Colleague: 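I have a structure here, written as structure tokens, and I will follow up with some questions on it.
Small disclaimer: the values here were computed from a predicted structure and weren't measured.
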Amino acid sequence: MPNLRDIKQRITSVHSTRQITRTMEMVATAKIRKAQERIEAARPYALSMTEVLGNVARFVQGASHPLLEEHAERKRVAVVTITSDRGMCGAFNSNILRLTEDLIARESGDDVDVSVISVGKKALSYLRYRGIEPDAAYRDISDKPTFADARSIAAHIIPAYSTGEIDAAYVIFNRFKNVAEQRAEVYQLLPIESRVMEQAEGDLRITPEYVFEPTPQAVLERLLPTYVETLIYRGLMESAASEQGARRTAMKSATDNASEMITTLTRSYNRARQAAITNEIAEIVGGAAAQEGA
Amino acid sequence: MARTLLCEIVTPERIVYTNEVEMVIAPTLDGEIGILPLHVPLVTVLAAGELRVRYNHSKDVEWFAISGGYLQVHEDKVIVLADNAQVASQIDVERARLAKETLESRMRDLNEAAADAADRDTCEFDLRWCETQLKVAEKRA
């Protein structure tokens with residue numbers, strides 16, 4: 001027979017937990033909107049960027065650029081792992097870290113060194129725990145990523161790829177599908193796949209004769225690094241939006257679970273109370289009967 | 001009514017400016033370029049510096065500080081893709097100056113420590129952006 005006071009205490013405790021999870025859910029909902037707006041705000045730049053890239057690609061047929069060329073050998077690859085700084089967001093970080101681990105295991109199997117650039121406290125603590133020291137670690141940017149952050153991350157991989165220090169670069173992040181769905185994804189940053197250029201070229205509806213200043217090649221040389229920066233920036237932003245989405249979902253089910261628990265606990269509390277009262281009455285009646293008999 | 005150009009200045013983070021203008025003057029790597037309506041389709045690399053647009057029968061001019069990027073002209077539409085861009089009147093001089101000092105001292109530290117090239121590049125880029133902002137603000141304030 002559970003003690004009345006114990007049950008009461010548990011109800012109070014679950015109650016306050018629910019209050020916290022419900023608040024977190026609401027905060028996350030508000031933040032998703034902001035994060036989505038930020039993604040929206042980046043769209044015009046990304047669209048124009050693709051357009052310019054397509055124009056240049058058409059002009060510089062069979063363009064050669066260090067960032068487009070695949071290296072013959074694969075000795076070292078870089079991975080940008082984007083996680084969050086805070087927990088309480090379900091499988092958000094573990095999905096990313098699992099993918100990262102898979103990739104490291106796969107590449108190591110082929111005798112390829114993997115250098116990791118971590119974004120978010122979660123990635124850093126996980127990797128350190130696993131004995132992997134990231135080449136660069138970023139934290140406290142996952143909430144409001146800026147383009148400067150993306151540029152700073154890109155600075156670790158673009159020159160390294162051009163000089164042949166690394167032979168490929170990937171970014172692992174949660175793609176924001178919609179408010180309720182995020183998918184952890186590996187995206188190849190470098191070499192820039194030729195289909196990207198072809199697609200950008202194919203997207204063009206109008207193909208006027210452009211003049212390039214100073215030369216198409218020079219424009220391309222500037223454009224490609226910026227393109228990679230834009231990809232990273234997008235990854236950071238999608239991850240920020242996904243984080244809030246995942247947190248909202250996780251906190252919603254936590255709130256629901258707490259409510260359910262409170263219902264069950266209240267039921268057993270009432271049952272226990274009822275039993276206590278019944279017991280008391282039985283005792284009184286029993287006592288009275290004994291008195292009468294005397 | 002004179003023919004106009006639609007000028008859009010976008011950064012990865014936001015649209016900084018969009019308006020019907022009569023002329024866009026932008027800093028390219030080889031000096032300034034002026035874009036008038038009916039310009040041929042053009043794609044050019046921009047240097048860090050000052051970008052101006054003239055509108056309202058050239059009576060009004062708006063100044064911008066930009067940190068480099070690209071400019072595309074097509075059918076009377078000018079798109080400026082800048083890494084950073086700011087309207088001259090909205091440049092926070094105090095903040096830029098402070099940031100510049102911080103970055104300069106950081107730069108010295110990085111040079112002494114022979115640190116990562118990546119960090120130095122990023123620092124240098126931010127420093128140049130502060131300088132560009134200050135220069136434009138000084139001229140146009």
Side-chain angles (χ1 to χ4, degrees), chain A residues 37-38 40-56 59 117 135-136 144-160 163 165 204 206-216 218-223 225-227 229-230 232-234 236-237, chain B residues 8-18 26-35 39-48 67-85 99 103 106 110 115-130:
Chain A
E37 277 165 15
R38 222 168 283 135
E40 279 307 313
R43 191 153 305 182
Y45 186 89
L47 283 178
S48 311
M49 175 72 143
T50 325
E51 199 184 318
V52 177
L53 192 63
N55 281 326
V56 183
F59 257 85
I117 296 165
D135 277 16
K144 270 196 198 115
T146 63
F147 193 66
D149 297 326
R151 195 183 310 113
S152 147
I153 294 170
H156 285 280
I157 55 172
I158 295 175
T163 57
E165 261 173 73
L204 289 183
I206 22 114
T207 51
E209 292 292 304
Y210 274 95
V211 174
F212 291 92
E213 272 306 324
T215 61
V219 174
L220 189 68
E221 250 155 51
R222 291 263 178 152
L223 206 53
T226 316
Y227 176 71
E229 285 163 6
T230 318
I232 297 175
Y233 182 53
R234 177 144 189 106
L236 288 174
M237 280 190 309
Chain B
E8 256 179 33
I9 302 175
V10 290
T11 69
E13 280 155 22
R14 66 203 171 102
I15 298 177
V16 178
Y17 181 78
T18 159
T28 71
L29 297 176
D30 306 321
E32 284 195 322
I33 186 171
I35 315 278
H39 198 284
V40 294
L42 168 82
V43 174
T44 177
V45 178
L46 296 183
S67 69
Y70 317 89
L71 178 144
Q72 175 178 295
V73 189
H74 177 240
E75 282 181 359
D76 287 347
K77 187 172 175 191
V78 180
I79 304 173
V80 178
L81 296 174
D83 297 330
N84 277 315
L103 286 165
R106 195 156 160 244
L110 285 173
D116 225 356
D119 289 336
R120 204 162 39 232
D121 285 353
T122 312
C123 190
E124 206 180 301
F125 184 92
D126 292 341
L127 192 58
R128 268 210 310 274
W129 170 230
C130 287

Colleague: Any idea which of B:Thr44, B:Val43, B:Val73, B:Ile33 has the most non-hydrogen atom pairs under 4.5 angstrom with chain A?
Modeller: B:Val43

Colleague: Roughly how far, to the nearest 0.5 Å, is CZ of A:Phe212 from OH of B:Tyr70?
Modeller: 13.0 Å

Colleague: Measuring heavy-atom distances to chain B, does A:Tyr233 have an atom under 4.5 Å in its side chain, in its backbone, in both, or in neither?
Modeller: side chain

Colleague: Please state whether the side chain, the backbone, both or neither of A:Thr230 comes within less than 4.5 Å of a heavy atom of chain B.
Modeller: neither

Colleague: Under a 4.5 Å heavy-atom cut-off, does chain B meet the side chain of A:Leu223, its backbone, both or neither?
Modeller: both

Colleague: To the closest 0.5 Å, what do you measure between CD (A:Glu37) and CZ (B:Arg14)?
Modeller: 15.0 Å

Colleague: Where do B:Val10 and A:Pro44 come nearest, in terms of heavy atoms and distance?
Modeller: CG1-CB, 4.2 Å

Colleague: Looking at B:Asp121, B:Asp83, B:Leu71, B:Asn84, which one has more heavy-atom pairs under 4.5 Å with chain A than the rest?
Modeller: B:Asp83

Colleague: Just give me the residue among A:Glu229, A:Arg38, A:His156, A:Arg151 that pairs up with chain B most often, heavy atom to heavy atom, under 4.5 Å.
Modeller: A:Arg151

Colleague: Between B:Leu81 and chain A, which part of the residue has a heavy atom less than 4.5 Å away: side chain, backbone, both or neither?
Modeller: both

Colleague: Side chain, backbone, both or neither: which part of B:Thr122 has an atom under 4.5 Å from a heavy atom of chain A?
Modeller: side chain

Colleague: Give a yes or no on whether the backbone of B:Leu42 and the side-chain of A:Glu213 come within a donor-acceptor separation of less than 3.5 Å.
Modeller: no

Colleague: If I compare all heavy atoms of B:Ala82 with all of A:Tyr45, which pair ends up nearest, and what's the gap?
Modeller: O-CE1, 3.6 Å

Colleague: Quick check for you: to the nearest 0.5 Å, what is the distance between B:Lys77 atom NZ and A:Ser48 atom OG?
Modeller: 6.5 Å

Colleague: For A:Tyr210 and B:Gln72, indicate whether the former's side chain and the latter's backbone hold a donor-acceptor pair under 3.5 Å.
Modeller: no

Colleague: At a 4.5 Å cut-off on heavy atoms, which part of B:Val40 comes close to chain A: side chain, backbone, both, or neither?
Modeller: side chain

Colleague: Side chain from CB out, backbone as N, CA, C, O: work out which of these in A:Thr215 comes under 4.5 Å of a heavy atom of chain B, or both, or neither.
Modeller: neither

Colleague: Which heavy atom of B:Glu13 sits nearest to which heavy atom of A:Ala41, and what is that distance?
Modeller: O-CB, 3.3 Å

